[in-house]
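Working notes for the structure below.
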Amino acid sequence: MRKITYRDALREALREEMLRDSSVFLLGEDIGRYWGGAFKVTDGLAQEFGDERVRDTPISESAIIGTAVGAAITGMRPVAEIMFGDLTALAMDQIANQAAKIRYMFGGQTKCPLVIRTPFGAGVNIASHHSQSLEAWFMHVPGLYVAVPSTPYDAKGLLKTAIRGSNPVFFCEHKLLYPIEGEVPEEEYTIPFGKAEVKREGADVTVVATMYMVHKALSAAKQLEKEGLSVEIVDPRTLTPLDRRAIVASVRKTGRIVVVSEDCKTAGVSAEIAAVVAEEALDYLDAPVKRVAEPDTPIPFSPPLEQHVIPDEKAIIKAIKEVV
Amino acid sequence: MRKITYRDALREALREEMLRDSSVFLLGEDIGRYWGGAFKVTDGLAQEFGDERVRDTPISESAIIGTAVGAAITGMRPVAEIMFGDLTALAMDQIANQAAKIRYMFGGQTKCPLVIRTPFGAGVNIASHHSQSLEAWFMHVPGLYVAVPSTPYDAKGLLKTAIRGSNPVFFCEHKLLYPIEGEVPEEEYTIPFGKAEVKREGADVTVVATMYMVHKALSAAKQLEKEGLSVEIVDPRTLTPLDRRAIVASVRKTGRIVVVSEDCKTAGVSAEIAAVVAEEALDYLDAPVKRVAEPDTPIPFSPPLEQHVIPDEKAIIKAIKEVV
Amino acid sequence: MTLDLPKESLVKMYRKMLEIRFFEEKVFGLYGQNLVPGTIHLYAGEEAVAVGVCSALSKDDYITSTHRGHGHCIAKGADLKRTMAEILGKKTGYCKGKGGSMHIADFSIGMLGATAVVGAGLPIAVGAGLSARLRKTGQVVACFFGEGASNQGTFHESINMASAWKLPVIFVCENNLYAMGTRQSRIMNIENIADRAVSYGIPGVSVDGNDVLAVYEAACVAVERARRVEGPTLIECKTYRQKGHSRVDPAKYRPREEVEGWLQRDPIKRLRHKLIQTVISTEAELQEIEKEVSSEIEDAVKFAVESTFPAPEEALEDVYAQI
Amino acid sequence: MTLDLPKESLVKMYRKMLEIRFFEEKVFGLYGQNLVPGTIHLYAGEEAVAVGVCSALSKDDYITSTHRGHGHCIAKGADLKRTMAEILGKKTGYCKGKGGSMHIADFSIGMLGATAVVGAGLPIAVGAGLSARLRKTGQVVACFFGEGASNQGTFHESINMASAWKLPVIFVCENNLYAMGTRQSRIMNIENIADRAVSYGIPGVSVDGNDVLAVYEAACVAVERARRVEGPTLIECKTYRQKGHSRVDPAKYRPREEVEGWLQRDPIKRLRHKLIQTVISTEAELQEIEKEVSSEIEDAVKFAVESTFPAPEEALEDVYAQI
Ligand SMILES: Cc1ncc(C[n+]2csc(CCOP(=O)(O)OP(=O)(O)O)c2C)c(N)n1
Ligand SMILES: Cc1ncc(C[n+]2csc(CCOP(=O)(O)OP(=O)(O)O)c2C)c(N)n1
Ligand SMILES: [Mg+2]
Ligand SMILES: [Mg+2]
């Protein structure tokens with residue numbers, strides 16, 4: 001099968017959905033013809049679809065999301081880009097109080113089919129305001145779906161599902177994933193929300209990992225294979241809805257679980273997954289649950305500092321060894 | 001000992017600290033002489049300390065917090081009120097990206113001694129934009145402390161500690177707690193952060209509860225006592241730092257735990273506490289961890305709907321019975 | 001106040017304003033009887049703004065509203081019964097009891113809903129305007145907000161965006177001089193919110209917000225400009241709320257003479273006076289209308305009071321759209 | 001450009017601007033050598049703004065800065081070595097390597113730090129101004145931000161608040177015509193950001209931001225007003241960044257003639273020319289200064305390059321103040 005990058009997979013999803021449905025349009029800072037998005041995800045789309053449907057905005061994150069909400073409830077399907085995930089904080093009211101609640105508050109009178117795309121993640125030395133992973137905030141907001149694709153295949157399939165759906169989707173990307181290549185069929189496909197994928201089968205321990213951490217977990221698993229340890233890797237692919245069944249099923253098989261998530265440990269993604277296991281799979285557990293995550297610090301700038309806080313293969317291997 | 005309300009306890013803390021330290025000042029919408037705060041916490045303080053130190057602001061939540069940050073790093077000790085906890089979403093960047101990180105990003109050059117007070121909680125029929133409990137968002141932000149007092153005594157002692165400290169404190173209040181009375185000594189005292197309090201000793205099951213839920217848990221415990229069940233209630237009092245030791249110690253004793261928190265269940269306060277137990281106390285557990293929390297919905301307006309989503313004594317009792 | 005409109009239109013405006021006033025008086029009364037859960041923010045005294053603006057809109061145009069939204073709903077044509085039922089938390093309400101006073105919406109008449117976060121409606125209105133543009137429908141959007149809201153960042157971001165894109169949005173600032181207990185002069189250093197239009201290169205006009213025809217005229221000009229794809233307008237309507245901010249507020253922070261002055265400029269009395277003085281209507285005609293409206297409101301109250309509450313489990317519905 | 005300042009002051013400004021320019025050229029070079037982690041936003045071409053404003057401040061006055069902050073630091077008097085070391089991620093840097101190019105601060109000279117969230121520095125500057133008021137120190141605060149930032153909600157909220165409270169804050173908009181690839185005219189419908197001062201009832205002035213003396217004069221007027229407790233001023237400085245937005249940006253979205261026109265109006269060349277023309281300085285004198293600055297910068301680079309990186313575990317320090 002052909003291989004394309006995560007970035008290109010996202011762009012294909014946007015392009016195909018824009019071709020398919022004239023109500024889909026994009027808005028965000030410098031996503032248009034002069035820049036193509038800070039990470040070039042929308043590169044070329046303004047040239048193809050025009051500046052009205054690929055719309056550069058002022059630096060006004062609240063208004064970007066609010067505008068998307070207003071468009072979504074009146075018949076359009078906006079896909080808004082927030083240039084860096086950290087900056088979603090500026091639009092938190094529009095995301096969490098307006099987009100997520102507008103259907104509910106009004107008793108189901110409206111739908112809000114809106115996608116918010118944004119890159120999270122550390123690793124490129126751009127410090128505390130451009131490196132966070134904040135998925136957990138959005139998991140804690142009922143009314144939103146949260147997608148966390150780790151591969152080009154998942155990125156394309158989930159983004160298409162997000163755009164076609166009837167609900168607001170917080171769509172997480174990762175800076176280090178953009179250049180990663182993977183197989184993506186030429187043919188049309190979508191990926192349903194709420195279905196985890198076992199990215200690697202194994203018998204001895206379950207690792208639930210998301211986004212860029214899936215790749216680190218896979219590489220850790222390869223190393224451990226040499227030592228005779230069989231690691232199963234479950235990628236939830238969406239955090240809301242969360243495929244609890246798949247996680248519990250894997251733990252039932254292996255009896256051990258390590259949750260790997262790039263965000264800060266406390267009250268993060270890994271906390272929710274650990275809690276689900278503690279509630280629903282306790283009887284299967286042969287060892288304590290382990291979380292591998294960023295320590296509770298902002299992300300520092302200097303490379304040795306930054307590398308110190310990002311969970312790496314070594315930390316994953318260490319955690320796995322502690323539970324087996 | 002004399003009894004005063006939670007509201008009055010908070011006001012006493014503010015007043016005493018303002019008398020003690022001229023660098024303490026208050027700012028927020030309608031906290032001054034014309035209103036005294038939407039929940040009257042600051043009532044009368046403007047009359048005593050003047051409009052400069054009890055400062056009414058425009059309806060500009062971002063600027064309220066940003067202004068507090070700027071004042072805090074230049075020698076003042078601002079206490080900012082956000083009228084409703086839901087509205088902290090409007091100031092999320094200033095809270096999470098600026099206040100929490102300003103010391104770290106600048107390599108420890110500055111301190112940011114700032115308190116953000118805000119009421120959370122449902123129960124007074126003011127619907128989706130005025131009823132949430134969002135503590136978990138702030139637990140997930142390193143650099144912040146998060147206080148969650150459940151009694152007048154704790155409210156006063158924790159607020160004084162918050163104001164005297166050198167770090168930004170996100171100080172959670174609860175609408176239904178304001179009128180609650182409790183013993184508060186006339187003498188000066190403070191309560192250290194990171195020290196849970198066992199609000200009731202028990203042997204059969206641990207309930208970790210916060211804020212208004214402490215009272216519901218206490219009432220549930222009383223009912224269960226009649227049935228011969230001995231419930232221990234641990235109130236963390238601060239979520240950051242979290243007294244993991246006290247929680248683990250209690251679970252070690254009882255072997256069972258129910259976490260009760262008013263916020264939405266997924267990725268909420270109860271998730272972190274459940275995760276801590278799954279990591280650090282798994283071997284002591286004789287039953288799965290249980291979370292009692294709001295279901296993942298916005299808060300509805302109509303009384304029967306709202307009552308349905310707020311965790312109540314019945315839900316707590318049910319959860320306890322499931323684990324014993 | 002120019003009165004060169006057909007009598008029909010003038011009387012319709014009078015009736016709408018009356019509907020709002022009587023409605024609010026009833027809500028106030030029901031509140032006292034403990035039939036209204038939560039809080040309420042009454043629109044009494046500001047009727048000319050909603051009615052003046054909505055009279056310049058057609059049915060498929062949009063509006064966005066605020067915590068003080070009953071008047072906007074009614075002016076846009078919402079059903080009194082379902083509005084009242086929502087305020088009482090009943091299943092027959094517009095939002096099936098999920099929204100309440102601060103979150104009423106009626107999408108069928110382009111009323112895109114009230115938000116209780118001050119200032120949060122502005123960008124949503126911009127989005128509706130953008131949507132109208134992209135769908136090429138010619139619809140315009142009127143966005144209501146208070147002078148207090150005009151200090152929110154969203155005010156600035158939204159109007160700038162609407163202006164940069166020449167969107168068909170009319171920003172209607174209801175300047176009632178106070179935001180809760182905070183008088184405008186204490187938190188901003190300008191008198192006319194309309195002056196802020198300069199920041200966006202759009203027209204800004206201040207009108208007597210207790211003169212329904214002045215509001216109507218300004219709105220008509222803005223609507224025409226919007227439909228000609230020339231961009232948004234900021235209209236400031238100087239008005240006054242006759243009651244406290246919310247249910248519990250005795251509004252002692254307002255000088256008695258100020259309140260009385262504004263009561264004398266009551267928008268409904270003023271239109272009534274004009275209608276009689278100019279012999280457009282007779283006292284009898286107007287009394288007839290007043291009786292009619294009064295009984296409509298009684299019907300609404302009856303409907304709302306007699307409606308059932310939603311079943312508790314309905315709290316779990318409507319979080320996500322299923323298809 | 002009026003030159004009635006003592007020679008000393010003029011030469012000092014010239015030297016500061018030169019420091020910034022040479023510093024930025026070095027940063028650019030080091031970037032090419034892979035010695036600068038992350039990204040950089042260079043201030044080359046905009047030196048007159050930072051230097052003009054900071055020359056009007058005294059040492060204990062405050063400034064707040066942005067992602068494009070090297071020039072602000074240097075103009076306020078930061079040590080070149082520690083600034084460069086921070087950009088290279090070294091332990092000897094101002095923030096011990098935690099901040100990097102986008103987050104430099106030097107609290108000892110009132111440089112309250114750069115924030116990488118566009119517009120986030122404005123309310124922080126207001127807070128510093130409020131603090132100066134409450135502590136009765138007479139300090140003023142200069143707050144730098146771009147024209148792109150002027151569309152953030154914080155711009156509006158902050159200036160309104162500063163004006164309502166008459167705080168000693170000078171809002172300095174560095175209008176370099178672009179925000180990344182977005183030309184001002186595409187995202188706002190006005191030409192002069194200074195016009196936005198109307199919204200807050202404060203003076204707004206537009207000046208030639210490539211004329212250090214014009215900037216200086218405007219800043220002096222604003223500083224005096226601030227110290228007289230009359231409130232904030234909005235100063236817009238029309239300028240241009242000579243490089244791309246950040247390291248990777250070839251800035252192809254800018255017409256060549258536009259770039260060349262601005263290069264001809266280079267602020268450093270202009271001051272140099274004036275100094276010579278008016279025989280305030282001689283060619284030899286200025287060459288001497290240029291040599292000195294050049295060697296200072298070399299020293300800074302040497303210091304920074306030779307400094308060690310922080311130890312990995314230091315990442316866990318400085319999250320909370322212990323006392
Ligand atoms: C963002 C936000 N801040 C504060 C509040 C609390 N609050 C509700 S109404 C109100 C005053 C609003 O004033 P204005 O915009 O002038 O509208 P008015 O009530 O006068 O109609 C405030 C502060 C809120 N709901 N939302
Ligand atoms: C709130 C926010 N939005 C977007 C970005 C990404 N970004 C960094 S610099 C920049 C352009 C800023 O333009 P302007 O304010 O004019 O400053 P300039 O770069 O021209 O100096 C953008 C969009 C950011 N850092 N913060
Ligand atoms: Mg008002
Ligand atoms: Mg710029």
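Quick note on labels: first sequence line is chain A, next is B, and so on, each numbered from 1.
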Closest approach of [X] to [Y] (non-hydrogen atoms, all atoms of both residues):
{"X": "A/Tyr104", "Y": "B/Thr297", "result": "OH-OG1, 4.0 Å"}
{"X": "A/Glu272", "Y": "B/Ala267", "result": "OE1-N, 2.7 Å"}
{"X": "B/Ala274", "Y": "A/Ala278", "result": "O-CB, 4.3 Å"}

Backbone N or O of [Y] within a donor-acceptor pair of the [X] side chain at under 3.5 Å?
{"X": "A/Asn97", "Y": "B/Asp86", "value": "yes"}
{"X": "B/Glu279", "Y": "A/Arg291", "value": "yes"}
{"X": "A/His140", "Y": "B/Ala136", "value": "no"}

Which one, [options], leads in non-hydrogen pairs under 4.5 Å with chain A?
{"options": "B/Asp283, B/Asp263, B/Val323, B/Val277", "answer": "B/Asp263"}
{"options": "B/Glu61, B/Glu280, B/Lys265", "answer": "B/Lys265"}
{"options": "B/Val259, B/Leu239, B/Leu90", "answer": "B/Leu90"}

Output the distance between atom [atom1] ([X]) and atom [atom2] ([Y]), rounded to the nearest 0.5 Å.
{"X": "A/Ser62", "Y": "B/Met92", "atom1": "OG", "atom2": "CE", "value": "13.0 Å"}
{"X": "A/Thr88", "Y": "B/Asp93", "atom1": "OG1", "atom2": "CG", "value": "9.5 Å"}
{"X": "B/Leu134", "Y": "A/Trp137", "atom1": "CG", "atom2": "CH2", "value": "11.5 Å"}
{"X": "B/Phe138", "Y": "A/Thr266", "atom1": "CZ", "atom2": "OG1", "value": "15.5 Å"}
{"X": "B/Lys101", "Y": "A/His129", "atom1": "NZ", "atom2": "NE2", "value": "6.5 Å"}

Region of A/Ile299 that comes under 4.5 Å of a non-hydrogen atom in chain B = backbone
query = With only heavy atoms counted, which part of A/Ser302 is less than 4.5 Å from chain B, the side chain, the backbone, both or neither?
reply = neither
ask   = Heavy-atom distance under 4.5 Å to chain A: side chain of B/Ala287, backbone, both or neither?
value =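 The answer is the backbone of B/Ala287.
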request  = Check whether B/Glu294 gets within reach of chain A through its side chain, its backbone, both or neither, counting any heavy atom under 4.5 Å.
outcome  =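 The answer is neither part of B/Glu294.
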